[in-house]
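Everything on this sheet refers to the single structure shown next.
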Amino acid sequence: MNIFEQYLDKIKKILLDLKKKGNLILPDSLEGVTAEIPPSKFNSDISTNVAMVLSKINKKSPIDLANTLLEEIKKNDKFVDEISVVKPGFINIKFKPIFWTNFIKEIIQNSNSFGINTRENKKNYLIEFVSANPTGPLHVGHCRGAILGDVIANVLLFNRHKVTKEYYVNDYGNQIINFTKSVYYRIREITFNEPFPKNNDDLYPGDYLSDFAKNIISSNKDMNFKNFDNISEKLTVLAIEEALKLIKKNLKTLGINHDNFISEKKLVANQEVEKVISFLQKNKFVYKGKIKAPVGEDDNNWVEREQLLFRSTDFGDDKDRALQKSDGAWTYFASDVAYHKNKLDRKFDYLINILGADHAGYIKRISSSVEALSNSKGKLICKVSQLVKLIKDKKPFKMSKRKGDYITVDDLISEVGKDATRFIMLNRSSDVELDFDFDNVIEKSKDNPLYYVQYSYARIASIFRHLEMDLKSNIKIDKFDFQYSDDEINILKKISEWPKCIDAASTKLEPHRIPTYLYELASLFHSYWNLGKDNPDKRFINDQKIITDEKLVFLKAISNVVKSGMDIVGVSVPEKM
RNA sequence: GCGCUUGUAGCUCAAUUGGAUAGAGCGCCUGACUUCGGAUCAGGAGGUUGAGGGUUCAAGUCCUUCCAGGCGCACCA
């Protein structure tokens with residue numbers, strides 16, 4: 001039920017009729033023609049720019065054309081109450097109240113599908129997100145991208161697309177060796193009482209490694225930890241298992257659940273890297289050559305080497321990128337290309353990658369590789385989530401308390417909770433840096449958007465509680481002959497925008513639109529609620545008298561949208577707060 | 001130096017995919033509690049959308065040149 005789509009259809013039909021009669025010239029596509037909510041000052045319900053879009057081709061002024069169309073619309077639409085042409089050439093329409101009665105009837109009877117875009121073709125998406133190195137717990141830096149990816153998946157799923165959520169496990173390469181060694185030293189610390197090496201920058205100093213060590217010792221009693229080389233392979237597997245166990249626990253705490261965990265190590269073991277590179281070689285995207293030193297960096301110890309390179313400059317990258325290290329091992333990039341080949345082979349319509357701001361520079365080369373692999377047909381979309389600035393006592397504070405010791409997801413959730421973390425991390429566009437104010441997110445006031453939205457739901461729940469009704473169950477109404485007031489229609493108008501909000505969030509992959517929308521809806525609701533103080537007619541319950549079906553349906557419609565939005569964001573809507 | 005990205009009210013941010021007189025919250029000023037939950041609401045002040053140029057019927061939004069901040073520019077991952 002998208003009244004804007006419906007209205008656009010109506011207008012297009014009128015346009016085609018006029019064209020048939022020879023009264024109008026139409027371009028090949030009507031793409032630029034839109035139906036929108038006009039700014040509130042116009043006191044109107046829907047507006048269209050059609051006259052302005054068609055004025056040039058018809059050699060008529062937008063105003064004249066609008067006036068002609070106005071007459072046609074008036075003739076064809078029985079719901080029009082007032083219709084007018086406004087300055088540059090907009091046609092504004094105000095509906096009769098019956099329109100809104102029909103609208104609320106429709107969305108109450110189809111509450112499960114309200115908001116879903118039923119017209120677009122359903123696609124198959126793969127979304128890769130988090131993909132943090134399996135060397136320790138998730139920290140705050142991972143959080144925003146994790147939530148962004150999860151909620152994008154939720155929006156797409158809500159819109160009935162097919163979505164696979166995937167985590168790429170970087171369990172191959174130097175850092176994993178260093179990580180395993182670090183775990184090994186912690187094991188020696190425990191079993192042989194040897195101190196953990198100091199001043200070794202390659203090692204991971206975090207305390208959590210001691211827990212990994214303890215777990216490994218206690219579940220591998222027959223293992224001999226005296227010689228690293230003898231056990232390094234097995235220990236690598238065990239250490240990564242420990243790290244992944246912790247990461248999965250952190251993800252669960254955040255309410256995030258991936259479908260697949262894809263191992264880089266397995267890709268390498270299955271020769272997928274060799275295969276993809278020979279594929280690229282056949283198509284002349286790979287060559288042996290040297291990379292030039294970066295400009296502007298002074299006195300560096302740049303060593304020019306001949307190595308296997310990928311021609312990412314063919315696709316607009318700054319320089320070609322190395323695929324193989326001097327010791328013969330694959331670079332991270334090489335196995336990531338193999339991973340993306342693997343993704344492409346699985347025939348998704350779209351591949352989405354969620355990256356942190358510090359990896360934005362990586363986008364060009366990986367998208368280049370996808371173009372090379374798919375003959376420019378693979379649809380890779382990279383979303384970057386900007387940094388989160390933590391604020392406490394009105395002051396920013398550092399993520400890293402001391403070396404290797406970050407504020408973890410666990411720390412964050414135990415302090416402010418899952419709901420606040422998810423809602424606030426999502427409340428802003430992913431393109432801008434986010435201030436995460438600890439004091440504010442746990443505040444129970446309107447300054448905290450989460451509570452403000454939850455409170456609107458709780459208020460509605462409290463009405464249903466007074467009436468001894470269950471807000472969650474459907475209400476049955478025999479007669480829908482309601483008349484809603486202007487205040488109520490105002491909120492219904494906002495509700496009519498819900499499918500538009502979902503549509504934008506889904507097609508632009510911008511889920512922050514949902515918390516923003518919910519806040520606006522909650523705000524209208526709180527205003528309306530307070531009207532009851534001066535005007536008993538506006539109250540939902542008065543002197544123990546039970547409210548009308550009209551108002552019950554109205555409240556139900558609001559709470560449905562709030563609930564459905566909060567479900568997508570992944571936060572709770574308590575009935576009591 | 002190069003690439004990506006951001007710049008909107010004192011502060012933090014929206015802005016219906018290019019629409020109309022650019023909107024919210026915080027802060028500031030004024031008001032509403034014998035409450036269907038005041039964890040709320042009503043009103044006021046506050047703007048050359050970083051600067052210039054261009055495209056368009058229409059630009060915060062697109063192009064371009066500057067300015068400023070952030071991130072990144074190896075065989076790390």
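Since the model is a prediction, treat every value here as computed from it, not as a measurement. Labels below follow one simple rule: chain letters A, B, ... track the order of the sequence lines, proteins then strands, and each chain is numbered from 1.
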Any donor-acceptor pair under 3.5 Å linking the side-chain atoms of [Y] with those of [X]?
X: A/E488; Y: A/S485; answer: yes
X: A/D431; Y: A/Q386; answer: no
X: A/Y339; Y: A/E166; answer: yes
X: A/Y362; Y: A/D336; answer: yes
X: A/K343; Y: A/N353; answer: yes
X: A/E36; Y: A/S47; answer: no

* Under-4.0 Å salt bridge between A/K494 and A/E497 -> yes
* A/D9 and A/R119 ion-paired at < 4.0 Å -> yes
Is any side-chain nitrogen or oxygen of [X] closer than 4.0 Å to OP1 or OP2 of [N]?
X: A/K325; N: B/rA77; result: yes
X: A/Y204; N: B/rA77; result: no
X: A/W529; N: B/rG38; result: yes
X: A/H512; N: B/rA15; result: yes

If you only use heavy atoms from C-beta on, which nucleotide in [options] is closest to the side chain of [X]?
X: A/R513; options: B/rC4, B/rU16, B/rC26; result: B/rU16
X: A/N530; options: B/rA39, B/rC41, B/rA20; result: B/rC41
X: A/H466; options: B/rG37, B/rA14, B/rA77; result: B/rG37
X: A/D318; options: B/rU5, B/rG3, B/rU40; result: B/rG3
X: A/R465; options: B/rC76, B/rC71, B/rG37; result: B/rG37
X: A/M577; options: B/rG37, B/rA77, B/rC57; result: B/rG37
X: A/K41; options: B/rU16, B/rG23, B/rA77; result: B/rG23
X: A/L387; options: B/rG19, B/rC71, B/rA77; result: B/rC71
X: A/Y452; options: B/rA14, B/rU16, B/rU40; result: B/rU40
X: A/R428; options: B/rA15, B/rC73, B/rU12; result: B/rU12

* To do: Determine whether more than 12 heavy atoms belonging to other residues, nucleotides or ligands lie under 6.0 Å from atom NZ of A/K379.
  => no
* Asked: So with a 6.0 Å cut-off around CD of A/E304, is the heavy-atom count from everything else above 12?
  -> yes
* Structure fact -> The residue, A/H359 or A/K87, whose nearest nucleotide of RNA chain B is more 5′ is A/K87
* Structure fact -> Whichever of A/F42 and A/S326 has the more 5' nearest nucleotide on RNA chain B, that residue is A/F42
No-H, no-angle donor-acceptor pair, [X] side chain to [N] base, under 3.5 Å:
X: A/K533; N: B/rG38; result: yes
X: A/N92; N: B/rA20; result: yes
X: A/D358; N: B/rG72; result: no

Heavy atoms only, 4.0 Å cut-off, all strands: where does [X] land among base, sugar-phosphate and nothing?
X: A/K576; result: base
X: A/T516; result: sugar-phosphate
X: A/E575; result: base
X: A/P449; result: nothing
X: A/A458; result: base
X: A/Q307; result: sugar-phosphate
X: A/A504; result: base
X: A/V53; result: base
X: A/V432; result: sugar-phosphate
X: A/T135; result: nothing

* Going by number, which of residues 58-65 of chain A have a non-hydrogen atom under 4.0 Å from RNA chain B? -> none
Can you tell me, in whole Å, how much space there is between the [atom1] of [N] and that of [M]?
N: B/rC76; M: B/rU16; atom1: P; result: 41 Å
N: B/rG70; M: B/rU56; atom1: P; result: 38 Å
N: B/rG25; M: B/rU65; atom1: P; result: 39 Å
N: B/rG60; M: B/rG72; atom1: P; result: 33 Å
N: B/rG44; M: B/rG23; atom1: P; result: 13 Å

* Asked: Which parts of nucleotides 42-48 of chain B does protein reach within less than 4.0 Å, heavy atoms only, written one letter per nucleotide 5' to 3' as B for base, S for sugar-phosphate only and - for none?
  -> S------
Whole angstroms only, please: what is the [atom1]-[atom2] distance between [X] and [N]?
X: A/Y519; N: B/rU16; atom1: OH; atom2: P; answer: 19 Å
X: A/N440; N: B/rC13; atom1: CG; atom2: P; answer: 12 Å
X: A/E5; N: B/rU16; atom1: CD; atom2: C1'; answer: 13 Å
X: A/L450; N: B/rU12; atom1: CG; atom2: P; answer: 22 Å
X: A/D431; N: B/rA15; atom1: CG; atom2: C1'; answer: 14 Å
X: A/M52; N: B/rA59; atom1: CE; atom2: P; answer: 12 Å
X: A/Y457; N: B/rU40; atom1: OH; atom2: P; answer: 20 Å

* Taking the six-membered ring of A/F310, is NZ or CZ of A/R365 closer than 6.0 Å to its centre and within 45° of its axis? -> no
* A/K538 charged N/C atom sitting above A/Y528 aromatic ring, 6.0 Å / 45° -> no
* Asked: B/rA20 base stacked by A/F90? Criteria: ring centres under 5.5 Å, plane angle under 30°.
  -> yes
* Structure fact -> Contacts of A/Y168 meeting side chain to side chain donor-acceptor pair (under 3.5 Å) (sequence neighbours excluded), chain-then-number -> none
* Asked: Excluding sequence neighbours, so at least two apart, what forms side chain to side chain contact (heavy atoms under 4.5 Å, CB included) with A/S263?
  -> A/D171, A/K265, A/K266
* Can you say whether the rings of A/F436 and A/F438 are parallel (under 30°), tilted (30 to 60°) or perpendicular (over 60°)? -> perpendicular
* Asked: Does A/K392 have any salt bridge (charged side-chain N to carboxylate O under 4.0 Å, His left out) partners at least two apart in sequence or in another chain, and if so, which?
  -> A/E415
* Structure fact -> Applying the Watson-Crick and G-U criteria (both distances under 3.5 angstrom) with [ ] for crossing and | for other-strand pairs, one obtains for RNA chain B (((((((..((((.....[...)))).(((((.......))))).....(((((..]....))))))))))))....
